[in-house]
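Bear in mind that the values here come from a model prediction, so they are computed numbers and not experimental data.
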Amino acid sequence: MTLIDLDNSYKFFKEKFFPSDLKKIKINDLVDFCQELRNELTRIVSVTGGHIGPNLGVVELTTALYYVYNFPNDKLIWDIGHQVYVQKMLTGRCDLLKTNRQNGKSPGYPLRSESKFDTVTSSHAGASVSFALGIADSNKIHGNEYSSVAVLGDGSFVEGSVQEAMNHVAVARSKLVIVINDNGRAIEENFGGYHEYFKKQIIGANNTGDAFKSLGFDYRGPFDGHDVKKLVGHFHEIKESCNHPVIVHVKTIKGKGLEKMAENSPMRIHWNHAFNTKTFEKTEKSIFPGGEDNANFVGRAVEKILKKNISTVLITPAVRGNVGLSDVFNNFKEQSIDVSLAEQHSITLAGGYALSGLKPIVAMESTFMARAYIQIKHDICINNLPLLIIAARSGHGFTDHITHNALEDISYLRTIPNLRIVYPISAVDLERTIEEEYENLSGPTIILFPKANTIEDPLVKFDISENVGKKSPSRGSKLILSVGPQNRNAELLQELLFSEGVKFDQVSVKEIYPISRKLRDLIKMSRYIITLEEGILDGGFGSLVLELVNSMQLDTKVLRFGFDKQFVEHGTRAYIYKKYGLDYDSVYKKIKEILPEVFKSNDN
């Protein structure tokens, strides 16, 4: 990744630029300054990759907020964390932004430990209004005059937590500003009543904001979110005269300045690899040359299901592209529903279809599935409803952010009765498993799969499926059990051990719950078991194996490999595995240290 030198032709912007520098710029020069920001932002992201569109859309908004308010004494909360690129550029971190998506470097999200201007470490939608209201009320308690500002998109507005917070804000009396950044999109176009309402709010028209005003809100707008001088005026007036909650509605264009890219691909203007700024062609070399993304296999499987079953309903909470379903939504519009950023609703909505005799599918990211935990447990599993959940990005979230990991999914999901949990062994197995699980669906079932590519797939010498045969090992055998993205690692570990004369059987475990008969039998016949998983150890797959060993009162030694209970930073799988001792070479060394007897045993 080539470091980008600052364009020396800029009149205002510089590498180390701070809010104090911004406040020195004359208001009439802010238009030119914002163009410099937009140019430099495009240059940086064209090399690093990242969330280009959401940040191009808030150049003027971020500039106006920092021009008027005194952050970090005043507080700014971004509902969507990947919109802070401009904030980083305005707070002395342009050099860090240039390391976005690199191992051990700065993430493209707010990070409290990185800067006092990042009020909260965050990523996904729904928390900003609650945070900001709590801060605003605290300012009253402390007797200060600081402002609290939340910026959330119209796509975020449908989140249940936002609605709960807005209900509270309507009767609050604190110095709070809620900026609705309305660009009509999450990744794809938004959906539903709020979306239709926001579309009807026209800049300069009379009688706007009636829905908010009827609830007692002080509503201002909608304003042109790219008119930086007028935005400064609006925010200055609010800051100086309002000691109560104010809603500021601004209209912005996602991908402002790269509209041609936005026309060609909603996904690429949302997030993009490194690209040519003139042709928009991808310039970044793939770290998986020749491979195919796991999500593509999901799309093929679901398309076959919808084609075969015309009553099947597919639901997603605004992540159709990330789960490989963009083409499916285009080809099966009558059977597909994108409910926007509403994870909880997506699950219970599917429950309604299931109660009516249908077998719905919900496709989401495991990254944010924890938001719907109670709906999965209470609404679906207690009622034992036939629902297939396909959850992408299980395990580590790769180069995104600490908030994008789903290292706890197996741990919390396996506490829920009635929930079948399946983790396909490879990309090809993922496609086959989705079809088979749907065909035989009779209760709540979840299929997890990682952010990965076929290059990382195991060779799949043996799995634990009931229909796969293998000579059973005798008691005294040694066994490696792996899950998901650790399957290939487990095979390499087995080969390394074998080169040292140590024979371990290796099994890629697909059925996490309920435990298969064959897995129980294999565990019962093994004296040494190594477990590998890309999740936290507490309550994870290795813990499940330990529980089985204990329940069967075996003297088997179990050595587990996974993450300790901690928050893990972003990075490539190879980097993260090496750092946390989860690569096959580190695992081998640990086995040699803790279980030296297996290298001396006569039955090697």
Is there a donor-acceptor contact under 3.5 Å from the side chain of [X] to the main chain of [Y]?
| X | Y | answer |
| --- | --- | --- |
| S340 | F191 | yes |
| S174 | L176 | no |
| N183 | T252 | no |
| N144 | Y146 | yes |
| N70 | N73 | no |
| Y580 | F563 | no |
| S336 | V313 | no |
| T99 | L96 | yes |
| Q201 | Y197 | yes |
| H226 | V58 | no |

Flag side-chain contact, heavy atom, 4.5 Å: [X] against [Y]:
| X | Y | answer |
| --- | --- | --- |
| P110 | K88 | no |
| I389 | M369 | yes |
| K199 | D182 | no |
| L407 | H396 | yes |
| C94 | I44 | yes |
| V248 | I178 | no |
| V228 | V31 | yes |

Carboxylate-amine/guanidinium proximity below 4.0 Å for [X] and [Y]:
| X | Y | answer |
| --- | --- | --- |
| R220 | D218 | yes |
| R112 | D118 | no |
| E15 | K98 | yes |
| D400 | R393 | yes |
| K14 | D21 | yes |
| K579 | E569 | yes |

Mind telling me whether Y109 and H401 have parallel, tilted or perpendicular rings, with 30° and 60° as the class edges?
parallel

Mind checking whether H51 and Y85 have parallel, tilted or perpendicular rings, split at 30° and 60°?
perpendicular

If you measure only the distance, is there a donor-acceptor pair under 3.5 Å linking the side chains of [X] and [Y]?
| X | Y | result |
| --- | --- | --- |
| N139 | K175 | no |
| N322 | E365 | yes |
| S214 | Y219 | no |
| T367 | K451 | no |
| Q163 | N167 | no |

Can you check whether [X] and [Y] have ring centres sitting under 6.0 Å from each other?
| X | Y | answer |
| --- | --- | --- |
| F157 | F212 | yes |
| F71 | Y69 | yes |
| F223 | H249 | no |

Atom [atom1] of [X] and atom [atom2] of [Y]: how far apart are they, to the nearest 0.5 Å?
| X | Y | atom1 | atom2 | answer |
| --- | --- | --- | --- | --- |
| H378 | I416 | NE2 | CD1 | 12.5 Å |
| I361 | L314 | CD1 | CG | 6.0 Å |
| R414 | L419 | CZ | CG | 12.0 Å |
| Q83 | N55 | CD | CG | 6.5 Å |
| L41 | C34 | CG | SG | 11.5 Å |
| I347 | R371 | CD1 | CZ | 13.5 Å |

For D379, the side chain to side chain contact (heavy atoms under 4.5 Å, CB included) test, sequence neighbours excluded, returns T348, Q375

Which residues pass the side chain to side chain contact (heavy atoms under 4.5 Å, CB included) test with E240, not counting sequence neighbours?
H236

For the residue pair [X] and [Y], what are the closest heavy atoms and their distance?
| X | Y | result |
| --- | --- | --- |
| G571 | N103 | CA-OD1, 3.1 Å |
| K565 | I536 | CA-CG2, 4.4 Å |
| P19 | L90 | CD-O, 3.0 Å |
| T403 | F368 | O-CE2, 4.4 Å |
| D79 | S128 | OD1-OG, 2.6 Å |
| A363 | V323 | CB-CG1, 3.7 Å |

Does K239 have more than 12 heavy atoms from other residues, nucleotides or ligands lying within 6.0 Å of its NZ?
yes

Over 12 non-hydrogen atoms of neighbours within 6.0 angstrom of NZ in K377
no

Apply the test side chain to side chain contact (heavy atoms under 4.5 Å, CB included) to residues L30 and I27: give CA-CA distance (whole Å), side-chain angles for both, the deciding distance (0.1 Å), then the verdict.
CA-CA 5 Å; L30 287 180; I27 191 168; 4.0 Å; yes

Could you walk me through whether F17 and F33 pass ring pair (Phe, Tyr, Trp, His ring centres under 6.0 Å), step by step?
CA-CA 12 Å; F17 190 94; F33 172 72; 5.1 Å; yes

Given the rule in the side chain to side chain contact (heavy atoms under 4.5 Å, CB included) test, do V149 and W78 qualify, once you have shown the distances and angles that lead to the verdict?
CA-CA 9 Å; V149 181; W78 292 91; over 6 Å; no

Is there a side chain to side chain contact (heavy atoms under 4.5 Å, CB included) between L258 and L56? Walk through the geometry before answering.
CA-CA 8 Å; L258 290 180; L56 287 174; 3.7 Å; yes

Quick one: do K256 and E60 satisfy salt bridge (charged side-chain N to carboxylate O under 4.0 Å, His left out)? Show the steps, please.
CA-CA 10 Å; K256 175 73 171 176; E60 289 82 6; over 6 Å; no

Take E36 and K11 through the salt bridge (charged side-chain N to carboxylate O under 4.0 Å, His left out) test and state the conclusion after the steps.
CA-CA 8 Å; E36 291 182 1; K11 180 179 179 180; over 6 Å; no

Applying salt bridge (charged side-chain N to carboxylate O under 4.0 Å, His left out) as the test, list every pair that has at least one member in residues 338-352; sequence neighbours left out.
R320-D338

Walk me through whether S346 and I337 qualify under side chain to side chain contact (heavy atoms under 4.5 Å, CB included).
CA-CA 9 Å; S346 70; I337 306 172; over 6 Å; no

